[in-house]
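The figures here come from the full heavy-atom set of this structure, side chains too, leaving out hydrogens, waters and symmetry mates. What you are looking at is a predicted structure, and each value in this text was computed from that prediction instead of being measured.
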Amino acid sequence: MAAPAEHGRRVCRRAAAAASSWRFVVLLFSLSSLPAASALIEGLYCGTEVCYDVLGVDRQASKAEIARAYRQLARRYHPDRFRVGDPDLPGETQESAEKKFLQVATAYETLKDEDSRKDYDYMLDHPEEYYRHYYAYYRRRLAPKVDVRIVILVTICAISIFQFYSWHSSYNEAINYLVTVPKYRIQATEIAKQQGLLNRTKEKGKNRRSKEEIREQEEEVIRDIIKNKIDIKGGYQKPNLSDILLCKIVLFPYYLTTYVAWYSSWVYRFTICREEYGDEEKLYIIRRNMKMSQSQFDSLEDKLRETFLEKRLWIRENYEVYKQEQEEEMKVKMATDPRMKRYRRWMKNEGPGRLTFIDD
């Protein structure tokens, strides 16, 4: 009974070995049937053709050799120069020549640029990195052809020109208005008479001017005096080239260096050495407490700034008291102002949604 059992075990072992061998053969066949990783991807660069082979050059070819090969092939396959039946191009048709020309042009566009050629060589050497090849190809094709720095520079210049033109227009509007104000016009006229700019001399002959010409000249003189004598602050101030965006960007390193030096000097003088504040430093602290810009603070009257110094508003506690007093004064003024009373009565009785013909 032992012999038949031993024979059965040997048969089972042979069957298991045969089954494993069969599975190994099937695995090898499956692996061999899988597509191999290829560097030539349809739709990228020259497709399934190697760009170097399309131009008939090797990978070590120089730019001059690539350009020479392209010109030779372009003369052959260009649609305007190709002729069916050319003995040098047997079997070529018009359609095949056009396809060949497009392929030659694509190969040249790929290899003439150093960055594009570097990406293409990397694709040939690393065929397994599909996604990287797609990204590099379409990033280069879809990237803007114009340098971004040039676009930024042109944009900044356009904004600066518009900014300067807008400020200049606002300044001219302010001057045109001031010329019509009697207060400033009379003062400018007196200054012009003192300087002898409005002395009307009798003119004869060809040099004689009409009344309109004399009036226009007088208006121009008054306008120039108002321009020179009045310092307009705020949004209607005289435009300055250093205030436009382009100049600020160019001068930013200078401004930054100046601010760092000023801040270091401030810390050294008033924090380390414990010096007393001067009038300029006191006014700077007051302006910072009031959260006003330099132009806004400069537009204030000199008497008001002297009042700030007398009340010692550079000290934070004094400024808080002054601020509270101003708020209380404004509340009292609004409560006693007849116009504010009418406005509150109108808001209470009629409301903003009702149409009315009352001017006030």
Legend entry - side chain to side chain contact (heavy atoms under 4.5 Å, CB included) between Thr180 and Arg185, intermediate numbers included: CA-CA 7 Å; Thr180 61; Arg185 187 178 182 86; over 6 Å; no
Inset, instruction - Verify side chain to side chain contact (heavy atoms under 4.5 Å, CB included) between Glu114 and Lys63, making sure each step is shown before the conclusion. - result: CA-CA 9 Å; Glu114 293 184 0; Lys63 280 188 175 182; 3.5 Å; yes
Legend entry - Derivation and outcome, side chain to side chain contact (heavy atoms under 4.5 Å, CB included), residues Glu329 and Glu325: CA-CA 6 Å; Glu329 183 180 349; Glu325 291 177 354; over 6 Å; no
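Heavy atoms only, all atoms of each residue included: Asp243 and Lys248 are closest at O-CE, 3.3 Å. Ser96 approaches Thr93 most closely through the heavy-atom pair OG-N, 2.7 Å. Contact record, Met123 with Leu44: SD-CD1, 4.4 Å, taken as the closest heavy-atom pair. Here the closest heavy-atom approach between residue His126 and residue His133 is recorded as O-NE2, 2.6 Å. Residues Cys46 and Gln103 share a closest heavy-atom pair of O-NE2, 3.9 Å. Between Val54 and Glu49 the shortest heavy-atom distance is CG2-CB, 3.9 Å.
Around atom OH of Tyr165, no more than 12 heavy atoms belonging to other residues, nucleotides or ligands sit under 6.0 Å away. By the neighbour-count criterion of 12 heavy atoms within 6.0 Å, atom CD of Gln326 is densely surrounded, having more than that number from other residues, nucleotides or ligands. In Tyr319, the OH atom is crowded: over 12 heavy atoms of neighbouring residues, nucleotides or ligands sit closer than 6.0 Å. Within 6.0 Å of the OH atom in Tyr135, the count of heavy atoms belonging to other residues, nucleotides or ligands does not exceed 12.
Transitive grouping of hydrophobic side chains (ILVMFWY, heavy atoms separated by less than 4.5 Å) keeps Tyr254 and Leu246 in distinct clusters. Tyr284 and Leu304 fall within the same hydrophobic cluster, where Ile, Leu, Val, Met, Phe, Trp and Tyr residues are linked whenever their side-chain heavy atoms come under 4.5 Å apart, directly or through other members. Hydrophobic clustering, with ILVMFWY side chains joined whenever heavy atoms are under 4.5 angstrom apart, groups Val250 together with Ile152. A continuous path of hydrophobic side-chain contacts links Ile249 to Ile159 [ILVMFWY only; heavy atoms under 4.5 Å]. Side-chain heavy atoms closer than 4.5 Å link hydrophobic residues (I, L, V, M, F, W, Y) into clusters, and following such links, possibly through other members, connects Trp314 to Met292.
Atom CZ of Arg223 is separated from atom CD of Glu216 by 13.0 Å, given to the nearest 0.5 angstrom. With rounding to the nearest 0.5 angstrom, the CD1 atom of Ile286 is 6.0 Å from the CZ atom of Phe297. The CG atom of Leu111 sits 6.0 Å away from the CG atom of Leu55 when rounded to the nearest 0.5 Å. Atom CD1 of Ile222 and atom CD1 of Ile175 lie 13.0 Å apart (nearest 0.5 Å). Atom CZ of residue Arg288 and atom CZ of residue Arg316 lie 9.0 Å apart, to the nearest 0.5 angstrom. If you take CD on Glu276 and CZ on Phe270, they are separated by 10.0 Å, rounding to the nearest 0.5 Å.
Within the 3.5 Å criterion, the main-chain N or O of Lys303 finds a donor-acceptor partner in the side chain of Thr307. With hydrogens and angles ignored, the 3.5 Å screen pairs no side-chain donor or acceptor of Ser166 with any backbone N or O of Gln163. In terms of modelled atom types and a separation under 3.5 Å, the side chain of Asn318 and the main chain of Arg312 share a donor-acceptor contact. Listed for the Thr110 side chain is no donor-acceptor partner under 3.5 Å among the backbone atoms of Tyr45.
There is no side-chain donor-acceptor pair under 3.5 Å between Arg59 and Tyr120.
Taking the six-membered ring wherever Trp is involved, the centroid distance between the rings of Trp266 and Tyr259 does not fall below 6.0 Å.
Among Glu280, Glu275, Glu281, the single residue meeting the side chain to side chain contact (heavy atoms under 4.5 Å, CB included) criterion with Tyr277 is Glu281.
Between Tyr70 and Tyr108, the two ring planes are parallel [angle under 30°; tilted spans 30° to 60°].
In this structure, the side chains of Phe308 and Arg287 stay at 4.5 Å or more apart for every pair of heavy atoms. Residues Glu317 and Glu320 form no side-chain contact, since every pair of their non-hydrogen atoms from C-beta on lies 4.5 Å or further apart. A heavy-atom distance below 4.5 Å is not found between the side chains of Leu313 and Asn289.
With salt bridges taken as basic N to acidic carboxylate O contacts below 4.0 Å, none links Glu327 and Lys331. Ion pairing of Lys118 with Asp121 is absent here, as no side-chain N (NZ or NE/NH1/NH2) approaches a carboxylate O to less than 4.0 Å.
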